[in-house]
Number of protein chains: 2
Amino acid sequence: MQPEQTKQRILAAAAELFGELGFDATSTRDIAARSGVNKALLHYHFGSKDELLAALLDGYYGALTTTLAAAWRQRAHPAEQVQDVVDAYADFLAEHRAFCAIVHREVASGRHVEQIVARTLSVLELRIGWFGEGPTAELMQILTSVYGMVVTYFTYGPVLARLTGADPFAADALQARKRHVRRIVALLFAEMAPDAKGT
Amino acid sequence: MQPEQTKQRILAAAAELFGELGFDATSTRDIAARSGVNKALLHYHFGSKDELLAALLDGYYGALTTTLAAAWRQRAHPAEQVQDVVDAYADFLAEHRAFCAIVHREVASGRHVEQIVARTLSVLELRIGWFGEGPTAELMQILTSVYGMVVTYFTYGPVLARLTGADPFAADALQARKRHVRRIVALLFAEMAPDAKGT
DNA sequence: GGCGGATTTAGGCGATCGCCCAAAAGTTGT
DNA sequence: ACAACTTTTGGGCGATCGCCTAAATCCGCC
């Protein structure tokens, strides 16, 4: 087997298990078993369990940066651009549920925060110049709120499923959620900078 | 030492460590060491590590229910009541940072979800009749958003600290955050049900 | 065809985990 | 003072953890 294929198999299995059980609750033996490789290969290819997580996050953040940058370039007006980026972010989280769970849990644990902050910064960097000036306190509040609205929906997916009785990750539910968030974003930007609103 | 005092010491140490390191990364020996009791006492008083977590969550959710119910009764108009409950919830999370971290992480891990859903339901139950009817899809979206806006601020506290360079848990920062959330809640309820808005 | 490096394998080491046990110490009622 | 019960203690069991080692296997190149 190609070594690259081996690494990808390990990464895929690690993503699934870290997402399902959490970093701590997943053993390297679990990952080896699910990916069908020998357990010593994890350390041969990645060095340690922590470095495996780092490699996994690198892949996710790389893909996220590409995705958001692509969404960002589509339209001209700031408000529409934000809408598109939020939409793209929601789609990304829907497609990579494990990523969302991993990041959220590690942040809440206060561990691997350095890695996550650094990567989040490199993603945000793209759009901190959005409004000409640096991020104002107002903008930071809004970013936090929008981020929270989107991320919480995915993180609390199982809880929402129990509360509403419906699958929050079904296509129509996701569509409804995105519509809701878009509406709030529109409200926020309309209030904050009415002159900068697109259309 | 009174057995009740022993239990409280264990619970306090467990709250700190679960909040700082996470449930899995905290050993029963760590908890015993920090609380200054023998490690066998955790199992004598609580049965198992999982039951210790359950007891901890019981205490938190009980206090939360009391706090929110008290805030809920203060004012007459729905919009103001929601504002007060959101404020009280933010204050509660600020005061019990470990609770926020624990719940968020366990939910993201997909474990102990049953316990958390059940307790969340019992807290929400108080106010699901808020608007006469059951929770509409619209209301669920708003609840999720408001919850996400509040909770994410605390969960991502360390990240925000790095991004802004300021302490997000300082009194003035908390005040600013609460003001921001209140404003969004006002916007949402004004749009959703203009006639139900208080004042 | 054989050589050298990369990759894979089985097995296990030391540490740590949650949990349990038998005995000691403390507390209460009579 | 003694007995009955609760609480605390040190020690350790079996399981599992991340990681390592030495040998086997694979593969490109002369």
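Proteins come first, then strands; the chains are lettered A, B, ... in the order of their sequence lines, and each starts at number 1.
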Reported [atom1]-to-[atom2] distance for the pair [X] and [Y], which is rounded to 0.5 angstrom:
X	Y	atom1	atom2	answer
B:E80	B:D87	CD	CG	12.0 Å
B:D91	B:D84	CG	CG	10.5 Å
B:Q141	A:R179	CD	CZ	9.0 Å

Using whole Å, report how far [atom1] of [X] lies from [atom2] of [N].
X	N	atom1	atom2	result
B:L42	C:dC20	CG	P	12 Å
B:D24	C:dG18	CG	C1'	12 Å
B:E4	C:dT27	CD	C1'	17 Å
B:Y44	C:dA25	OH	P	17 Å
A:N38	D:dC19	CG	P	15 Å
A:F46	D:dC19	CZ	P	13 Å
A:D30	D:dC17	CG	P	6 Å
B:I10	D:dT7	CD1	P	12 Å

May I ask you to evaluate whether [X] reaches the phosphate of [N], defined as a side-chain N or O under 4.0 Å from OP1 or OP2?
X	N	answer
B:T28	C:dC17	no
A:S27	D:dC17	yes
B:T6	D:dT8	yes
B:H45	D:dT8	yes
A:H43	D:dT21	no

**Prompt:** Going by atom types alone, do B:S145 and A:H180 pair a side-chain donor with an acceptor below 3.5 Å?
**Reply:** yes
**Candidate list A:Y89, A:F154, A:Y61, A:F18, test ring-ring contact (aromatic ring centres under 6.0 Å, His included), partner A:F99, passing option** =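 Single ring-ring contact (aromatic ring centres under 6.0 Å, His included) partner of A:F99 among A:Y89, A:F154, A:Y61, A:F18: A:Y61.
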**Message:** At 10 degrees resolution, what angle do the end axes of the helix from C:dG1-D:dC30 to C:dT30-D:dA1 form when each is taken over five base pairs?
**Reply:**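 That helix gives 0° between its end axes.
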**Request:** Of all the heavy-atom pairs spanning A:R119 and A:A54, show the shortest one and how long it is.
**Result:**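 For A:R119 versus A:A54, the nearest heavy atoms are NH2-O, 3.6 Å.
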**Item:** More than 12 heavy atoms from other groups under 6.0 Å of CZ on B:R162
**Value:** no
Out of [options], which has the shortest distance to the side chain of [X]?
X	options	answer
B:K39	C:dT7, C:dC19, D:dT7	C:dC19
B:L41	C:dC19, D:dT8, C:dC20	D:dT8
A:K49	D:dC19, C:dC19, D:dC20	D:dC19

**Request:** Check if the side chain of B:R29 and the base of D:dG10 share a donor-acceptor pair of N or O atoms closer than 3.5 Å.
**Result:**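 No pair found.
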